[in-house]
Structures are given as C-alpha cells and as structure tokens.
Amino acid sequence: LGTRKSNHHMSAAAVAQVAQVARRHVPKGAHSWPRALPALNPKENRSNTKVDASHFEPLGSWSSEKLNTSRQENPFLMTWVPGKARDAVPNMTHGEGPYLYDDKGKQYLDWTSQAVCANLGHDVPETVVEAAAQQMRALPFVYGGIGITEVRTRLNQLMGEILPGDLSAAVFPSSGAEANEAGIMMARRYTGKQKIVSWYRSYHGATANAGAATGDFRRWYGSDSVPGFVKAFNPFPLFFNHGGPMANSEEQVAAALQMLEEQILNEGPDTIASIVMESIVGAGGCLVMPPGYMQGVRALCDEYGILMHADEVMVGFGRTGELFGFQNYEGVLPDIVSAAKGISSASIPLSMTACNSDIMTFFDDKPLGWGSTYQAHPVALACAYENIKYLLQHDFVGRVQAMAPLFEANIQQLADRHPSIKQYRAIGMFGCMDIHDTTGKNPKLQHHAPHEAFLKYKKAYAENGLVGLHRYPHVHCAPPLNITEDQLLDGFDRLDRALFVLDDALGYDRIVEERIAV
C-alpha cells in the first residue's frame with residue numbers, strides 16, 4: 001500500500017479499512033487448512049463370551065434340529081450361489097466308498113466325486129490317516145523358509161519320478177488357484193513378459209490372476225479388471241465352427257490354430273509369457289482337444305518363445321486313464337504343470353506347481369516371487385505322499401483304463417435314450433453330456449438364470465439318491481475312481497431316471513407323444 005501521502009480526503013471508515021489490511025500479512029506458501037476429523041461412532045468390541053456348552057460335546061452328537069437352528073442363527077456364505085442356497089444343502093454325516101449319508105439317513109451316490117476331487121470316495125486309506133497323525137505328532141507345521149521336513153523331500157522326489165520328461169515339482173501350495181498363481185508368476189518372472197493367454201471355456205480358480213485367466217462366468221465377479229490377460233477361443237466355441245460349418249476335424253484344428261497364431265501376432269509374441277489351458281477342460285464340459293490341436297499349440301509356443309502351462313487341477317492323478325491329462329496328447333510336454341484335487345484325493349487341501357529344468361535352474365539365484373504361509377504344509381504333504389503311493393500301488397491308472405469302456409457305453413446309452421441330450425464326451429472316468437431344448441438351442445447361457453427344467457432335474461437327481469456338481473447345460477459324470485462296476489451301473493440307472501424328468505420338463509415327452517399320435 002506504500003506510505004505516500006494522498007491529496008484525496010479519505011473517510012474515517014476507509015482509513016480504518018486500510019489500516020486493517022495493512023496489519024494483515026499473507027505469507028507465500030501452500031499450507032494446509034484446518035479440518036476436524038470425523039468423530040468415532042463407538043461400538044462394543046469386547047465380546048461377552050458365552051460359548052454354547054454343546055461345543056464340548058463330541059462331533060456327530062448334534063441333532064438335525066440343533067444343526068438347522070445353528071445355521072439359521074449363525075448364517076454363512078456360499079460361493080458361486082446366493083447365501084440362502086445353504087438352506088437346501090443337506091447335512092452330511094459320514095461317507096462310505098462312493099456314498100454319502102445325510103442326517104436323515106438318506107444315502108447319496110457321489111456322482112461327481114464332489115468337485116471332481118474325492119477320487120477315492122469317502123473312505124480315506126488307513127495309510128493316509130496314519131501318516132497325517134504321525135506327522136501331526138512329530139512336527140505339525142514348519143514354515144517352508146525356516147525348515148524342510150523329510151516328507152517334503154520325499155514327495156518332491158516322488159513327483160520327479162512320476163512326472164514325464166524333465167518336469168519336477170517346484171512348490172506345493174494349498175489350492176488349485178494358488179498353484180495357477182504360482183505358475184503364472186513363474187512364467188512372468190522367467191520370460192520377463194506379462195501377458196497370459198487362456199481360453200474362454202475355462203476355469204483356473206478364484207484368486208486374482210487365476211480368476212483373470214478363467215474364461216467362464218466366474219471371471220465376471222471381479223477378475224475382469226486384472227490387467228495382462230488375453231482370452232482366445234479353443235476348438236470348441238458354442239455358436240460357430242472353426243473353418244466353417246462343413247469343415248472336418250482336421251480343417252477345424254488347422255483353422256483354430258491359425259486363429260490362435262494370428263491372435264499371438266496381434267498381441268505381440270514378445271509380450272506373451274504363457275498360454276494356460278486345462279489339458280481336458282473340466283467344468284466347461286469335459287472337452288478333449290481334437291487330434292493335432294495340443295501338438296499345434298506346443299509348436300506355436302516353441303515358435304514364439306511362449307511357455308505352455310497345463311492346468312491339471314481337475315484331471316491329474318488318473319482321472320482320464322493317464323496319470324496326467326496332457327499325456328493323452330502324443331508328444332506334448334508342457335513347461336509348467338499345476339495340479340491339485342487328486343494329489344490328495346481331497347482328503348486335505350494341497351496342490352503342486354511343477355516346471356521344467358530350465359525354469360528350475362533359472363530360479364536358483366533369484367526368488368520365485370510367489371509364496372504362502374502354508375506352502376508345503378507337512379501334514380498335507382504326508383497325506384498326499386501316502387495317497388499317491390496308494391494310487392500307484394493299486395494301479396488306479398490301469399483300473400480307470402479297464403473301467404472306461406463300460407463308463408462310456410453307459411453314457412452313450414443315456415444319450416440314445418434321452419432326446420434332451422445333444423451330444424456327449426468321455427475319457428477315462430470323466431464324462432459330460434450337453435443338453436439342448438426342443439428347438440436345438442442351448443437352454444442355459446452363462447448370463448442367464450437356470451431354466452426351470454434344470455431345477456426340476458436337480459430335485460429329481462437328489463430324490464434318486466445322487467449328489468454332485470451341476471454346471472448347466474452340461475451334465476457331468478465323474479464318480480470316484482474306486483467305484484465298482486455294480487455301483488457304476490446303479491449310478492447310471494439313478495441318472496437315467498432323473499434325465500427322464502429333464503426330458504419332460506423341457507417338453508420332449510410331449511413331442512414324442514405327438515409323433516406317435518401322427
């Protein structure tokens with residue numbers, strides 16, 4: 001404002017205002033503003049511990065009424081269905097062979113080995129029980145970076161002996177999703193590239209990267225936003241044929257591989273770390289790759305410096321009549337293999353990620369970059385070790401090969417008997433039938449709720465004493481690998497009766513009656 005005298009007369013008010021401004025000094029800066037923090041809305045966080053005395057009663061002693069009341073008062077979430085679906089799930093009390101029993105005494109034949117994982121049914125071999133108990137007594141847990149147990153070394157050696165080529169076990173996570181996470185990290189670290197190519201018709205788990213690699217509807221729950229994943233069509237798209245509607249199998253394979261190669265070139269081969277695929281697609285419909293396709297994928301990977309990652313989570317350890325699903329494709333050896341489920345026959349959570357010798361050597365002087373507290377949990381390893389030895393000692397691969405013709409013959413018979421069945425696939429003791437409606441269309445697209453006919457079928461399925469996994473419009477057949485011939489035939493009879501309900505609910509019986517009348 002300065003101190004020069006003014007010739008103009010100022011009012012008293014103006015003089016006071018100028019004096020006020022003159023006294024205010026505004027600093028140059030970028031200081032914060034004062035702001036009061038929101039006040040805590042206090043809630044009681046000290047529990048008034050009042051534990052139900054019945055918790056100290058032996059397992060198996062709660063009545064059905066007690067169980068159901070507890071479920072109502074203490075709800076829990078489901079996974080791929082709404083939480084209230086828990087009210088329709090039976091209370092299972094025990095198992096015996098391929099059978100499960102609920103708290104009302106009803107027997108169910110486990111037609112999909114739970115989630116295609118309880119490969120030895122519901123009687124755990126005594127050697128597995130003893131190994132778990134012995135390990136829990138000796139050393140129940142040691143963190144993988146602090147100590148190495150004998151069973152870790154033993155199982156690692158055993159896996160190296162049964163895996164083909166130069167594949168060997170690298171890490172032992174707890175779930176199939178984690179095994180795929182480790183494999184994806186392994187591929188990215190080894191190649192220095194980020195993109196992962198996988199199929200639309202696929203499922204690889206529900207963790208971040210495994211979910212992003214997944215192609216089916218389960219990816220939509222939050223994994224779509226994870227960067228670095230590219231989806232491709234395998235040889236089995238839903239609504240078109242590779243090579244055109246008249247192409248034969250050889251032409252379809254060539255067209256599918258050419259489409260994949262073009263996608264690789266458009267994405268940039270130098271940006272793709274691996275191609276991840278189920279060797280036989282599981283939940284997506286027991287899709288066995290046609291002759292030449294897997295060999296073509298292997299060749300494309302070799303041509304463009306891309307790792308081939310086989311997801312064996314569902315079909316590994318004998319399900320297909322080979323120890324690993326990729327062994328059904330002559331000459332194909334992956335670089336990375338992830339497995340779970342059958343590694344312990346679901347007696348305890350465990351998985352494995354294996355890799356070739358080049359990848360193993362690469363990480364000798366650098367960390368993998370993936371880890372888990374319970375990786376290589378000694379009790380889980382003990383269960384898996386005895387489980388795998390049991391599978392080998394009792395030649396379960398040979399057993400599945402011997403049962404496979406009867407298994408497929410019965411699926412073929414169902415396909416012939418039921419007009420709702422469009423087609424089927426089967427390999428070893430793994431099969432699937434596709435359902436179509438009376439117009440020939442797919443009655444259950446992924447973004448649609450189940451058709452009412454499927455709800456009637458599911459009810460009939462349970463009423464006929466079957467329990468299993470449902471992934472409409474597919475009907476999976478994957479009973480425990482130790483099922484007897486009589487039990488297998490009984491299971492197909494039960495499924496036959498349930499499928500007649502599905503035929504009728506879709507309107508097929510009316511069509512048959514109309515044709516007979518004409």
Side-chain angles (χ1 to χ4, degrees), residues 180 183-184 186-188 190-204 209-220 223-282 284-285 287-311 325-326 328-338 356 359 425 442 445-447:
N180 284 323
I184 289 168
M186 185 182 290
R188 286 173 165 171
Y190 177 77
T191 64
K193 300 184 283 186
Q194 288 298 307
K195 289 181 184 175
I196 306 295
V197 176
S198 58
W199 310 147
Y200 278 111
R201 295 188 73 174
S202 70
Y203 179 67
H204 298 289
N209 287 320
T214 290
D216 74 17
F217 71 96
R218 287 167 283 193
R219 184 182 82 254
W220 304 341
S223 295
D224 254 343
S225 59
V226 178
F229 290 86
V230 177
K231 292 294 172 290
F233 285 100
N234 66 19
F236 302 101
L238 292 178
F239 304 122
F240 70 92
N241 292 323
H242 290 287
M246 304 304 294
N248 59 32
S249 178
E250 185 176 345
E251 292 166 338
Q252 289 176 355
V253 166
L257 289 170
Q258 287 166 348
M259 184 177 181
L260 178 60
E261 182 176 29
E262 184 163 338
Q263 194 162 6
I264 289 170
L265 293 173
N266 283 318
E267 290 293 336
D270 292 340
T271 70
I272 300 172
S274 69
I275 297 178
V276 182
M277 71 208 80
E278 297 166 270
S279 57
I280 284 89
V281 175
L287 302 177
V288 183
M289 297 300 122
Y293 183 77
M294 290 291 273
Q295 291 84 352
V297 174
R298 175 71 270 185
L300 286 172
C301 287
D302 291 340
E303 175 71 16
Y304 295 111
I306 299 168
L307 297 179
M308 184 179 189
H309 177 170
D311 180 341
F326 66 81
N328 290 285
Y329 308 107
E330 186 176 357
V332 175
L333 187 68
D335 302 299
I336 298 171
V337 175
S338 48
N356 64 32
I359 298 173
R425 294 161 298 282
N442 182 334
L445 298 177
Q446 293 189 73
H447 62 291

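In what follows, residues are counted from 1 in the order of the sequence shown.
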Engineer: Take His309 and Ser338 through the test side chain to side chain contact (heavy atoms under 4.5 Å, CB included) and record every step on the way to the result.
Structural biologist: CA-CA 8 Å; His309 177 170; Ser338 48; 3.1 Å; yes
Engineer: For the backbone of Val288 and the side chain of Arg425, can you confirm whether one donor and one acceptor N or O come within less than 3.5 Å of each other?
Structural biologist: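 No, because the side chain of Arg425 does not come within donor-acceptor range (under 3.5 Å) of the backbone of Val288.
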Engineer: Taking Ile272 as the fixed residue, which of Leu307, Val230, Val197 is the one that meets the side-chain contact (heavy atoms from CB on, under 4.5 Å) rule?
Structural biologist: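 The residue from Leu307, Val230, Val197 that satisfies side-chain contact (heavy atoms from CB on, under 4.5 Å) with Ile272 turns out to be Val197.
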Engineer: Salt bridge (charged side-chain N to carboxylate O under 4.0 Å, His left out): which pairs involve residues 225-249, sequence neighbours left out?
Structural biologist: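 Counting only pairs at least two positions apart or across chains, no salt bridge (charged side-chain N to carboxylate O under 4.0 Å, His left out) contact touches residues 225-249.
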Engineer: Minimum heavy-atom separation for Ala273 to Ile196, with atom names?
Structural biologist: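 What the structure gives for the nearest pair is CB-CD1, 4.0 Å.
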Engineer: Do the charged groups of Arg298 and Asp335 touch, with an N to O distance under 4.0 Å?
Structural biologist: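 Looking at Asp335 together with Arg298, the answer is yes, because their closest N to O distance falls below 4.0 Å.
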Engineer: From Glu262 CD over to Gln258 CD, what is the distance, rounded to the nearest 0.5 angstrom?
Structural biologist: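 Those atoms lie 9.0 Å apart.
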Engineer: In a table with atom names and distances, give each donor-acceptor pair under 3.5 Å that connects a side chain of residues 232-246 to protein atoms at least two apart or in another chain.
Structural biologist:
{"unit_1": "Asn234", "atom_1": "OD1", "unit_2": "Phe236", "atom_2": "N", "d": "2.8"}
{"unit_1": "His242", "atom_1": "NE2", "unit_2": "Asn234", "atom_2": "O", "d": "3.0"}

Engineer: Nearest 0.5 Å, what's the CG-CD distance between Leu300 and Glu261?
Structural biologist: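 Between atom CG of Leu300 and atom CD of Glu261 there are 5.5 Å.
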Engineer: Which atom names give the shortest non-hydrogen contact between Ile280 and Gly325, and what distance separates them?
Structural biologist: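 What the structure gives for the nearest pair is CD1-O, 3.7 Å.
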Engineer: I want to check something: taking the side chain as every heavy atom from C-beta on, are Arg201 and Glu278 in contact at a cut-off of under 4.5 Å?
Structural biologist: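 No; the side chains remain at least 4.5 Å from each other.
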Engineer: In Å and rounded to the nearest 0.5 Å, what is the CZ to NE2 distance from Phe229 to His204?
Structural biologist: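 That separation rounds to 9.5 Å.
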Engineer: Any side-chain heavy-atom pair from Asn328 and Met294 closer than 4.5 angstrom?
Structural biologist: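 Of all side-chain heavy-atom pairs linking Met294 with Asn328, none is under 4.5 Å.
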Engineer: Any non-hydrogen side-chain atom of Asp224 less than 4.5 Å from a side-chain atom of Arg219?
Structural biologist: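 Yes, their side chains come closer than 4.5 Å.
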Engineer: Among Val276, Thr214, Leu260, find the residue that satisfies the side-chain contact (heavy atoms from CB on, under 4.5 Å) test when tested with Trp199.
Structural biologist: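 Of the listed options, the one satisfying the test is Leu260.
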Engineer: How far does NZ of Lys193 sit from OG of Ser274, to the nearest 0.5 angstrom?
Structural biologist: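 Interatomic distance, Lys193 NZ to Ser274 OG, rounded to 0.5 Å: 9.5 Å.
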Engineer: For residues Ile184 and Ala210, report the shortest heavy-atom separation together with the two atoms involved.
Structural biologist: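 Nearest pair, atom of Ile184 first, then Ala210: CD1-N, 4.4 Å.
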Engineer: Between Gln252 and Pro290, is there a side-chain heavy-atom distance shorter than 4.5 Å?
Structural biologist: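 SC-SC contact between Pro290 and Gln252 ruled out.
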Engineer: Going by heavy atoms in the side chains, are Asn180 and Asn209 under 4.5 Å from each other?
Structural biologist: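 Of all side-chain heavy-atom pairs linking Asn209 with Asn180, none is under 4.5 Å.
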Engineer: Ignoring hydrogens, what is the shortest heavy-atom contact between Gln295 and Tyr329? Give both atom names and the distance.
Structural biologist: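 Minimum heavy-atom separation between Gln295 and Tyr329: NE2-C, 3.9 Å.
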Engineer: Atom OG1 of Thr191 and atom CE of Met186: how far apart are they, to the nearest 0.5 Å?
Structural biologist: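 Atom-to-atom, Thr191:OG1 and Met186:CE are 12.0 Å apart.
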Engineer: Taking the side chain as every heavy atom from C-beta outward, state whether Tyr203 and Asp311 have any pair of such atoms under 4.5 Å apart.
Structural biologist: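 Tyr203 vs Asp311: side chains apart.
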Engineer: Tell me whether the count of non-hydrogen atoms from other residues, nucleotides or ligands lying under 6.0 Å of CD in Gln194 goes above 12.
Structural biologist: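 More than 12 heavy atoms, drawn from other residues, nucleotides or ligands, come within 6.0 Å of this atom.
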Engineer: Mind listing the closest non-hydrogen atom pair of Pro334 and Ala310 along with its distance?
Structural biologist: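 The answer is CG-CB, 3.6 Å.
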Engineer: Do Phe326 and Met308 touch side chain to side chain, with heavy atoms closer than 4.5 Å?
Structural biologist: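 Phe326 does not reach Met308 side chain to side chain.
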Engineer: Does some side-chain heavy atom of Ile359 sit less than 4.5 Å from a side-chain heavy atom of Asn356?
Structural biologist: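 When only atoms from C-beta onward are counted, Ile359 and Asn356 do touch, with a gap below 4.5 Å.
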Engineer: I need the minimum non-hydrogen distance between Pro291 and Val253, along with the two atoms involved.
Structural biologist: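 What the structure gives for the nearest pair is O-CG2, 3.7 Å.
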